[in-house]
Amino acid sequence: MYSENEVDGFMSLPGLFRVMLSATVFLGMSGAIIAMAADPAATISQKGRNFTPAAVTVKKGDMVRFVNDDFYGHNVYSETEGASFDIGLQPPGEERDVVLEKLGIVDIRCRIHPRMRLKITVTE
């Protein structure tokens with residue numbers, strides 16, 4: 001038996017990076033199961049030690065989804081002033097969503113594979 005509740009909001013991290021929280025939470029005997037629900041403005045694939053596409057433009061506040069389509073882990077991060085973040089180790093097959101609020105170009109890299117580079121342009 002499950003009880004269903006909707007949860008919408010953001011979890012803020014240092015800088016202007018936020019993790020999108022929009023989910024249906026099912027509470028059951030064994031705890032909570034969270035089903036993420038939201039359409040990203042852009043989806044970035046990580047495969048073959050590359051980001052695809054290598055550049056993307058989104059609007060301020062849009063969600064960007066990082067999908068690890070590789071056979072090994074990645075660690076997506078940015079040290080761009082005002083838009084720094086680190087999503088941590090992302091295992092194969094996992095998706096992580098971020099929302100960028102700072103206008104301009106955000107340089108994205110992988111801590112594990114330094115040659116992986118992505119530019120996200122954030123516009124009004």
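- Evaluation of the salt bridge (charged side-chain N to carboxylate O under 4.0 Å, His left out) rule for Glu81 yields no partner, not counting sequence neighbours.
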Indicate every side-chain donor-acceptor pair of residues 105-116 with a distance under 3.5 Å to a residue at least two apart or in another chain.
unit_1: Asp107; atom_1: OD1; unit_2: Lys119; atom_2: NZ; d: 2.4
unit_1: Arg111; atom_1: NE; unit_2: Asp86; atom_2: OD2; d: 2.8
unit_1: Arg111; atom_1: NH2; unit_2: Asp86; atom_2: OD2; d: 3.4
unit_1: His113; atom_1: ND1; unit_2: His74; atom_2: ND1; d: 3.1

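- Listed by chain and number, the residues in a side-chain hydrogen bond (donor to acceptor under 3.5 Å, both in side chains) with Asn75 amount to none (sequence neighbours excluded).
- Other residues sharing a hydrophobic cluster with Phe71 under the 4.5 Å side-chain heavy-atom criterion for ILVMFWY residues are Tyr72.
- Taking 4.5 Å as the limit, some side-chain heavy atom of Val76 sits within range of a side-chain heavy atom of Gln46.
- Asn68 contributes a side-chain N or O that, together with a main-chain N or O of Gln90, makes up a donor-acceptor pair within less than 3.5 Å.
- Linking ILVMFWY side-chain heavy atoms closer than 4.5 Å, directly or via other members, places Leu118 and Ile87 in a single hydrophobic cluster.
- Side-chain atoms of Val99 and Glu101, non-hydrogen and from C-beta on, do get closer than 4.5 Å to each other.
- Atom OG1 of residue Thr121 and atom CG of residue Leu100 lie 11.0 Å apart, to the nearest 0.5 angstrom.
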List the atom pairs, with distances to 0.1 Å, where a side-chain N or O of residues 47-58 and a protein N or O form a donor-acceptor pair under 3.5 Å, not counting sequence neighbours.
unit_1: Asn50; atom_1: ND2; unit_2: Gly48; atom_2: O; d: 2.9

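- Of all heavy-atom pairs spanning Arg96 and Gly88, the tightest one is NH1-O, 3.8 Å.
- If you take CZ on Arg65 and OG on Ser45, they are separated by 13.0 Å, rounding to the nearest 0.5 Å.
- In the hydrophobic cluster analysis, where Ile, Leu, Val, Met, Phe, Trp and Tyr join through side-chain heavy atoms closer than 4.5 angstrom, Val98 is grouped together with Leu103.
- Taking CG of Asp69 as the start and CD1 of Ile44 as the end, the distance is 11.5 Å to the nearest 0.5 Å.
- To the nearest 0.5 angstrom, Lys59 atom NZ is 9.0 Å from Glu124 atom CD.
- Residue Val67 comes nearest to Glu95 through the heavy atom pair CG2-CG, 3.8 Å, listed as atom of the first residue, atom of the second, then distance.
- For Glu79, there are no side-chain hydrogen bond (donor to acceptor under 3.5 Å, both in side chains) partners two or more places apart in sequence or in a different chain.
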